[in-house]
Amino acid sequence: MKRLMAGGLMLAALLPAAQGQWEKREDASAPVAMVTLSDASRWQAGLAYAHVSRTVEMDVRESRLQGDVADVFLGFSVAPWLQLYGQTGVSRARVDDLLNPRPGAGAGGLLGAKWNLWQFHGDHPEKSWRFTIPLDAQIAHRTTDDKGAGEIRWTEILVMLPLDYHLTFAHNSRNFYMSEFHSLRLYAGPAFSDIDGTWEAGDTRRDFEESESLGAVAGAELWLLENVSFGARADWFDSTTLHVTARYRF
């Protein structure tokens, strides 16, 4: 009997300590800030690279604008169907038979908006596919130089209206199996592009513009997890520009 009473007293003494361990407390070792963002789910960040190749007209003669662009990407979803985004980075390009074959780097960036205008999907509660028509519009400005022999600047307006097909492989809130991709996005459709640029060297100035404004875009985006994706896109406007991206959704 004494043993039972002693055991009961010991359990009663340990119970408050055990309850204290079960309580959720804020981590005292974690840093704090003057301003805290508790929900960042509307934000996306990433990296983007493009190999530019466009046919342009200069002095009533066709030439080619080609080079490379590397940017950082930041996007914010104003609404579930509307995303505003921007990119900034470095660019290096040349116009054939005009600039130094090894041009120097310049700065640039773009601003854009993407509206999901229309969508169709099945009525199953766990639908795994959907068709969407988004309108994606952006304006970009880039610069580059050929190491003292001149500078090239160009502005591009790009509008895309593709048909987007999204297929989901994982229905759980988090994809636990790395062998199973979360989702795949495929898209293709018409596009409009307008490039207006200038090359300057000393007192010499020559203007150029895109020779083919109507074209098409096609691409794919693979979501490894619900918030991590890698994508590739091709723009056809008489010549082909290739894009690759990596994005993280908070």
Side-chain angles (χ1 to χ4, degrees), residues 31 33-54 65-94 99 102-116 134-147 151-160 162 164 166 181-187 191 193-197 217-235 237 240-250:
M34 183 173 64
V35 179
T36 301
L37 180 63
S38 58
D39 181 14
S41 60
R42 293 188 176 189
W43 291 91
Q44 292 186 18
L47 301 173
Y49 166 79
H51 178 69
V52 180
S53 180
R54 294 291 180 85
L65 171 68
Q66 53 185 344
D68 301 284
V69 174
D71 283 340
V72 293
F73 168 90
L74 184 64
F76 177 73
S77 295
V78 180
W81 44 268
L82 173 61
Q83 182 190 55
L84 305 180
Y85 60 90
Q87 295 179 197
T88 185
V90 296
S91 52
R92 186 176 65 176
R94 65 186 177 90
L99 286 181
R102 299 181 63 186
L110 65 81
L111 295 174
K114 181 180 177 183
W115 296 267
N116 291 330
L135 175 64
D136 198 340
Q138 57 186 231
I139 180 170
H141 182 73
R142 307 288 182 182
T143 64
T144 188
D145 67 79
D146 54 356
K147 300 180 180 179
E151 182 182 23
I152 185 172
R153 301 185 298 271
W154 77 97
T155 300
E156 179 186 9
I157 297 174
L158 178 63
V159 181
M160 300 170 283
D164 188 309
H166 186 95
F181 299 127
H182 185 271
S183 61
L184 175 65
R185 173 185 170 225
L186 302 172
Y187 59 95
S193 173
D194 180 57
I195 290 180
D196 185 16
V217 297
E221 188 172 26
L222 179 64
W223 288 88
L224 297 181
L225 301 172
E226 192 176 14
N227 58 345
V228 178
S229 76
F230 296 91
R233 190 184 91 217
D235 304 345
F237 294 94
T240 305
T241 295
L242 300 175
H243 305 260
V244 292
T245 59
R247 290 194 295 161
Y248 179 85
R249 181 166 53 200
F250 292 93

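Just so it is clear, the model here is predicted, and its values are computed rather than measured.
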Mind running side-chain contact (heavy atoms from CB on, under 4.5 Å) on Trp81 and Trp115 for me, showing each step along the way? CA-CA 6 Å; Trp81 44 268; Trp115 296 267; 4.1 Å; yes

Going through the checks in order, is the side-chain hydrogen bond (donor to acceptor under 3.5 Å, both in side chains) test met by Tyr85 and Gln44? CA-CA 9 Å; Tyr85 60 90; Gln44 292 186 18; over 6 Å; no

For a 4.5 angstrom cut-off between non-hydrogen side-chain atoms, does [X] reach [Y]?
| X | Y | answer |
| --- | --- | --- |
| Met160 | Gln138 | yes |
| Gln66 | Arg94 | yes |
| Ser53 | Thr240 | no |
| Val78 | Phe76 | yes |
| Asn227 | Tyr248 | yes |

Could you give the distance from [atom1] ([X]) to [atom2] ([Y]), rounded to the nearest 0.5 Å?
| X | Y | atom1 | atom2 | answer |
| --- | --- | --- | --- | --- |
| Gln83 | Lys114 | CD | NZ | 7.0 Å |
| Ser77 | Leu84 | OG | CG | 8.5 Å |
| Leu82 | Leu135 | CG | CG | 10.5 Å |
| His141 | Leu111 | NE2 | CG | 12.0 Å |
| Leu74 | Trp43 | CG | CH2 | 5.0 Å |
| Arg153 | Ser91 | CZ | OG | 12.0 Å |

Stepwise side-chain contact (heavy atoms from CB on, under 4.5 Å) check, Ile152 with Arg142: CA-CA 8 Å; Ile152 185 172; Arg142 307 288 182 182; over 6 Å; no

At their closest point, which heavy atom of [X] faces which heavy atom of [Y], and how far apart are they?
| X | Y | answer |
| --- | --- | --- |
| Ala232 | Tyr187 | O-OH, 4.0 Å |
| Glu151 | Thr144 | CG-O, 3.2 Å |
| His51 | Gly67 | ND1-O, 3.3 Å |
| Ala105 | Asp145 | O-OD2, 3.4 Å |
| Ala220 | Leu186 | CB-CD2, 3.6 Å |
| Ala48 | Gln87 | CB-NE2, 4.0 Å |

Whether Thr143 side chain and Ala107 backbone form a donor-acceptor pair below 3.5 Å: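 Such a contact is found between Thr143 side chain and Ala107 backbone.
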
Evaluate the criterion side-chain contact (heavy atoms from CB on, under 4.5 Å) for residue pair Asp164 and Asn116; output intermediate values, then yes/no. CA-CA 10 Å; Asp164 188 309; Asn116 291 330; over 6 Å; no

Identified side chain to side chain contact (heavy atoms under 4.5 Å, CB included) partner of Ser193 from the options Leu158, Val159, Ile157, Thr241: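 The passing option is Leu158.
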
Which residues pass the salt bridge (charged side-chain N to carboxylate O under 4.0 Å, His left out) test with Glu156, sequence neighbours left out?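 With sequence neighbours excluded, Glu156 shows a salt bridge (charged side-chain N to carboxylate O under 4.0 Å, His left out) to Arg54, given in chain and number order.
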
Under the side-chain contact (heavy atoms from CB on, under 4.5 Å) rule, what do Leu47 and Thr245 come out as? Steps first, then yes or no, please. CA-CA 6 Å; Leu47 301 173; Thr245 59; over 6 Å; no

